[in-house]
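Chain letters run A, B, ... following the sequence lines, proteins first and then strands; every chain starts at 1.
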There are 2 protein chains.
Amino acid sequence: MEINSAVVALAALAQETRLSVYRMLVEAGPDGLAAGRLADGLSVASASLSFHLKELLHAGLVRSRQDGRYVIYSANYEAMNALLGYLTENCCRGTTAACSPIACCGPAKP
Amino acid sequence: MEINSAVVALAALAQETRLSVYRMLVEAGPDGLAAGRLADGLSVASASLSFHLKELLHAGLVRSRQDGRYVIYSANYEAMNALLGYLTENCCRGTTAACSPIACCGPAKP
DNA sequence: TTTATATTTTGACTAATGTTGAAATATGGA
DNA sequence: TCCATATTTCAACATTAGTCAAAATATAAA
């Protein structure tokens with residue numbers, strides 16, 4: 001990942017409403033949630049939510065699909081993995097000494 | 001880590017100059033770098049750099065210490081670990097299925 | 001003590017961000 | 001077709017972020 005994509009992704013998550021939206025979408029899993037559900041759950045105006053969803057889409061952190069008259073949003077795990085990878089490289093200095101897998105991902109569950 | 005601390009840390013990193021500063025400090029290791037060195041390396045005005053360093057300090061991502069007439073900044077790995085932990089929890093949904101240690105930290109090197 | 005270097009602070013300014021209500025668009029159902 | 005619901009777009013506005021030059025502060029060296 002390039003520094004510019006990292007900055008875009010970080011900026012997308014650096015806002016309470018958007019970070020909460022992302023969390024809700026991760027919890028919801030691959031099925032995702034309709035925009036209206038997100039607005040209800042976070043008690044944020046639909047126009048405001050739409051603005052934030054566009055930011056998350058632009059950063060590639062979420063995907064959207066039309067389902068009837070609903071628009072369903074879902075988390076894009078690959079983008080988050082790419083961001084974590086970028087940050088980890090910049091935290092670990094090429095080793096896992098400074099940033100152990102435990103510290104950053106919890107113990108592996110094989 | 002609470003959502004508010006996460007947002008502050010993400011916002012601190014969501015800016016090209018600041019992310020570059022952080023990268024330089026991680027590369028520099030525990031000895032850190034003087035503010036002037038950072039300014040030179042990134043060709044940014046000292047006033048501007050000072051502004052950004054304050055943001056990183058406020059987010060707890062870097063530390064500073066006075067050394068003669070220099071102020072030495074260094075990366076605070078614990079804060080980055082905490083942020084990675086927060087993001088990983090919100091990416092992995094409690095398992096390592098969606099966000100494997102490999103994807104996020106590289107293979108463990110025991 | 002005086003001078004030079006390093007860093008931070010301040011104030012002015014421009015650009016970007018986030019919120020709101022109203023209007024526009026799209027789809028489903030009566 | 002007409003109406004209701006879901007979502008997005010728009011314009012206005014307030015707030016925040018970032019940059020710059022100049023001044024202030026702190027320390028080292030002459």
Side-chain angles (χ1 to χ4, degrees), chain A residues 3-25 28 31-76, chain B residues 3-25 28 31-76:
Chain A
I3 186 166
N4 291 314
S5 326
V7 167
V8 170
L10 288 164
L13 295 171
Q15 208 275 343
E16 187 163 346
T17 299
R18 289 196 294 265
L19 189 50
S20 301
V21 164
Y22 189 81
R23 290 187 62 173
M24 280 188 72
L25 291 180
D31 290 350
L33 281 177
R37 284 294 185 92
L38 291 164
D40 291 348
L42 301 168
S43 40
V44 61
S46 60
S48 200
L49 181 74
S50 196
F51 169 82
H52 290 305
L53 285 170
K54 211 162 61 171
E55 291 272 312
L56 288 167
L57 272 177
H58 174 243
L61 285 160
V62 308
R63 300 190 186 293
S64 70
R65 64 178 196 277
Q66 190 94 29
D67 178 26
R69 62 175 135 174
Y70 302 90
V71 178
I72 310 292
Y73 287 86
S74 53
N76 177 14
Chain B
I3 186 167
N4 291 314
S5 326
V7 167
V8 169
L10 288 164
L13 295 171
Q15 207 277 342
E16 188 164 346
T17 298
R18 289 196 293 265
L19 189 50
S20 302
V21 165
Y22 189 82
R23 291 187 62 174
M24 280 187 73
L25 292 179
D31 290 349
L33 280 178
R37 284 296 184 90
L38 291 165
D40 292 348
L42 300 168
S43 40
V44 61
S46 60
S48 200
L49 182 74
S50 195
F51 169 82
H52 290 305
L53 284 170
K54 211 162 63 172
E55 291 274 312
L56 289 166
L57 271 177
H58 175 242
L61 285 161
V62 308
R63 299 191 187 293
S64 69
R65 65 178 195 277
Q66 189 95 29
D67 178 26
R69 63 175 135 175
Y70 302 89
V71 178
I72 310 292
Y73 287 87
S74 54
N76 177 14

(message) Between P on C:dG21 and CZ on A:Phe51, what's the gap in Å once rounded to a whole number?
(response) 16 Å

(request) Using atom NE2 of B:His58 as one end and atom C1' of C:dT8 as the other, report the distance to the nearest whole Å. (result) 17 Å

(message) Using whole Å, what does the distance between atom P of nucleotide C:dA6 and atom CZ of B:Arg65 come to?
(response) 17 Å

(message) Please confirm whether the shortest side-chain N or O distance from A:His52 to OP1 or OP2 of C:dT17 is below 4.0 Å.
(response) no

(message) In the structure I gave you, are the side-chain heavy atoms of B:Val71 and B:Leu53 within less than 4.5 Å of one another anywhere?
(response) no

(message) Whether A:Ser48 contacts C:dT19 is assessed here as follows: a side-chain N or O lying under 4.0 Å from the phosphate OP1 or OP2. Is that the case?
(response) yes

(request) Calculate the interatomic distance between B:Leu33 atom CG and C:dA6 atom P; express it in whole Å. (result) 15 Å

(message) Are B:Leu57 and B:Ser64 packed together at the side-chain level, in the sense that at least one heavy-atom pair is separated by less than 4.5 angstrom?
(response) yes

(request) Would you mind reading off the distance between A:Arg69 atom CZ and D:dA6 atom C1', rounded to a whole angstrom? (result) 7 Å

(message) Without decimals, in angstroms, what is the distance between B:Ile72 CD1 and C:dT7 P?
(response) 7 Å

(request) Considering just the side-chain nitrogens and oxygens of B:Tyr73, establish if one lies under 4.0 Å of OP1 or OP2 belonging to C:dT8. (result) yes

(request) Tell me what A:Arg18 touches on the nucleic acid: a base, only sugar-phosphate, or nothing, going by heavy atoms under 4.0 Å. (result) sugar-phosphate

(message) Show every side-chain hydrogen bond (donor to acceptor under 3.5 Å, both in side chains) that has at least one partner inside residues 11-21 of chain B, sequence neighbours left out.
(response) B:Arg18-B:His52

(message) Students often get this wrong, so: under 4.0 angstrom with heavy atoms, is B:Ala47 touching a base, only sugar-phosphate, or nothing?
(response) base

(request) Check every strand shown and say whether A:Ser50 touches a base, only sugar-phosphate, or nothing at a heavy-atom separation below 4.0 Å. (result) base

(request) Check every strand shown and say whether B:Glu55 touches a base, only sugar-phosphate, or nothing at a heavy-atom separation below 4.0 Å. (result) nothing

(message) Measure CG/A:Leu49 against P/C:dG18 and give the value in whole Å, please.
(response) 13 Å

(request) Identify whether any heavy atom of B:Ala34 sits under 4.0 Å from a base atom; if not, whether one sits that close to sugar-phosphate; answer base, sugar-phosphate or nothing. (result) sugar-phosphate

(message) Heavy atoms from C-beta onward define the side chain here; which of D:dT27, D:dT8, C:dT19 lies closest to that of A:Leu53?
(response) D:dT8

(message) Contact between B:Leu25 and B:Leu61 at the side-chain level, heavy atoms closer than 4.5 Å - yes or no?
(response) no

(request) Would you indicate whether the side-chain heavy atoms of B:Val44 and B:Val21 approach each other to under 4.5 Å? (result) no

(request) Calculate the interatomic distance between A:Lys54 atom NZ and D:dC10 atom P; express it in whole Å. (result) 8 Å

